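One structure below.
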Amino acid sequence: MNWEKELYNKDEKPLDRLVDGYSNTAIFRKMAFIGDSLSSGEFETLDKEGNRKYYDLFEYSWGQFIARKNGLTAYNFSRGGMTAKEYIDSFAESKGFWSKELACQAYVIALGANDLHRGIEIGCIEDIDTENYENSKPTFMGYYARIVKKYKEISPDAKFFFVTFPDGGNKERTVGMVNALYALAEHFDNSYVIDLYRYAPFYGERFKEKFYLHGHLNPMGYIFTARMVDSYIDYIIRHNVDDFRNAAFIGTDIQYKFD
């Protein structure tokens, strides 16, 4: 076996392969998945009169599929309709998600769709007040940065993965959000972008025939999303080994940083 070519191929692109069995995501024993309906395993029903109802079934969320596959603990810090604004303003605190007891080694954040739908400006990196993050501007960038900063206070060495929108045809809106997440990953240490816009399949009609139930994913769609996110994290770890070699110590009392 040529293990270097198999595991560390410099020409490999994210999602060139979907990982089977354990992935390197399993180096994290506790992960939190922060997001909206698509992070919550939300299913949508439609009756004969055209009325829609929505149900968050967390056991179908892609985070929980990743957890079961890799034998780790996953927290759904999510809810259908969630925005970065609501998350930082009230939701996380009301649910106890800032508790030290729920501190994780890694946080996967997939927010933004509802912020844009409700007219929240994306903003720019200058919206972040690095002296006092609470004073950041009321833009998506400002709210998102406050969320990351809050979890960094709880778990200082945790790794963060920022998930972009996939390509669904709305290029202007999507590209702006993708650029924002790359800027945030540059701003914060231990942060990486899961760029579904660039590397995931196009979410067109053919894709939706297989993986959608009305306006949200079907069970197979959540499994496929889990495989993509899991494989992307695995890719990031394999191509940034030095960043992750001490992952087992995150959240422990073991001293592993020496001057």
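Only a predicted model underlies this, so the values are computations on that prediction, with no experimental measurement involved.
- Annotation: side chain of Tyr107 is in contact with side chain of Ser155 (closest heavy-atom distance under 4.5 Å).
- In this structure, Lys30 is not positioned above the aromatic face of Tyr75 in the sense of NZ or CZ being under 6.0 Å from the six-membered ring centre and within 45° of the axis.
- Using a 30° and 60° split on the angle between ring planes, Tyr235 and Tyr232 fall in the perpendicular class, above 60°.
- Of the charged side-chain nitrogens involved, at least one lies within less than 4.0 Å of a carboxylate oxygen, so that Arg227 and Asp20 count as a salt-bridged pair.
- In this structure, Lys53 does not pair ionically with Glu44, as no charged nitrogen and carboxylate oxygen lie closer than 4.0 Å.
- Salt-bridge formation is detected for the pair Glu12/Arg238: a Lys NZ or Arg NE/NH1/NH2 atom is positioned less than 4.0 Å from an Asp or Glu carboxylate oxygen.
- Between Arg245 and Asp242, at least one side-chain nitrogen of the basic residue sits less than 4.0 Å from a carboxylate oxygen of the acidic one, meeting the salt-bridge criterion.
- The side-chain contact (heavy atoms from CB on, under 4.5 Å) test with Ile237 is passed by exactly one of Ile233, Asp234, Val241, Asn240: Ile233.
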Check step by step if side chain to side chain contact (heavy atoms under 4.5 Å, CB included) holds for Ser39 and Trp62. CA-CA 7 Å; Ser39 298; Trp62 45 266; 3.5 Å; yes
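- Using a 4.0 Å cut-off between charged nitrogen and carboxylate oxygen, Lys137 and Glu121 do not count as a salt-bridge pair.
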Check the pair Ile34, Val108 against side chain to side chain contact (heavy atoms under 4.5 Å, CB included), reporting the backbone distance first and the verdict last. CA-CA 6 Å; Ile34 299 163; Val108 182; over 6 Å; no
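- The only member of Tyr151, Tyr133, Phe162 that meets ring-ring contact (aromatic ring centres under 6.0 Å, His included) when paired with Tyr144 is Phe162.
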List the steps and the verdict of ring-ring contact (aromatic ring centres under 6.0 Å, His included) for Phe244 and Tyr192. CA-CA 12 Å; Phe244 294 92; Tyr192 310 85; 5.3 Å; yes
Under the criterion side chain to side chain contact (heavy atoms under 4.5 Å, CB included), I'd like the reasoning laid out for Val178 against Phe165: C-alpha separation, chi angles, the key distance, then a yes or no. CA-CA 7 Å; Val178 171; Phe165 301 155; 5.8 Å; no
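- A ring-centre distance under 6.0 Å is not found for His214 and Phe43.
- Residues Phe202 and Tyr199 fall into different hydrophobic clusters, defined by Ile, Leu, Val, Met, Phe, Trp and Tyr side chains chained together at heavy-atom separations under 4.5 Å.
- Below 30°, between 30° and 60°, or above 60°: for Phe224 and Phe211 the angle between ring planes is below 30°, a parallel geometry.
- Remark: the backbone N or O of Arg198 is paired with a side-chain donor or acceptor of Asp195 at under 3.5 angstrom.
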Tell me, with the steps shown, if Leu46 and Asn51 meet side chain to side chain contact (heavy atoms under 4.5 Å, CB included). CA-CA 6 Å; Leu46 181 65; Asn51 299 308; over 6 Å; no
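- Residues Asn179 and Leu181 have side chains not in contact (no heavy-atom distance under 4.5 Å, counting atoms from C-beta outward).
- A side-chain donor-acceptor contact under 3.5 Å links Lys159 to the backbone of Asp243.
- In this structure, the side chain of Gln105 engages the main chain of Ile250 through a donor-acceptor pair within 3.5 Å.
- Two residues are said to be in side-chain contact when any heavy atoms from C-beta on lie closer than 4.5 Å; Tyr8 and Trp3 meet this criterion.
- Here the side chain of Asn70 pairs no donor or acceptor atom with the backbone of Ala67 at under 3.5 angstrom.
- Looking at Arg17 and Glu6, a side-chain N of the basic residue comes within less than 4.0 Å of a carboxylate O on the acidic one, giving a salt bridge.
- Annotation: cation-pi geometry satisfied between Arg68 and Phe65 (NZ/CZ under 6.0 angstrom from ring centroid, within 45° of ring axis).
- For the pair Gly80 and Ser40, the tightest heavy-atom approach, listed with the atom from each and the gap, is N-OG, 3.9 Å.
- In this structure, the ring of His216 has its center no less than 6.0 angstrom from the ring center of Tyr212.
- In the hydrophobic clustering of this structure, Ile88 groups with Ile122; members are Ile, Leu, Val, Met, Phe, Trp, Tyr whose side-chain heavy atoms approach within less than 4.5 Å, directly or through other members.
- Once rounded to the nearest 0.5 Å, the distance linking CE of Met82 with CG of Asp56 reads 9.5 Å.
- Residue Met220 is grouped with residue Leu18 when hydrophobic side chains (ILVMFWY) are merged at heavy-atom distances under 4.5 angstrom, including chains of intermediate members.
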Run the ring-ring contact (aromatic ring centres under 6.0 Å, His included) test on Phe97 and Phe77 for me, step by step, so that the C-alpha distance in whole Å, both residues' side-chain angles and the decisive distance to 0.1 Å come before the verdict. CA-CA 7 Å; Phe97 293 159; Phe77 291 173; 4.1 Å; yes
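- With respect to Asp157 and Lys152, no salt bridge is recorded, no charged nitrogen being found less than 4.0 Å from a carboxylate O.
- Remark: Lys69 engages Asp230 in a salt bridge, criterion side-chain N to carboxylate O under 4.0 Å.
- Side-chain N or O atoms of Tyr222 include one that pairs as donor or acceptor with a backbone N or O of Glu42 at under 3.5 Å.
- Checking side-chain atoms of Thr174 against main-chain N and O of Asp167 turns up no donor-acceptor pair under 3.5 Å.
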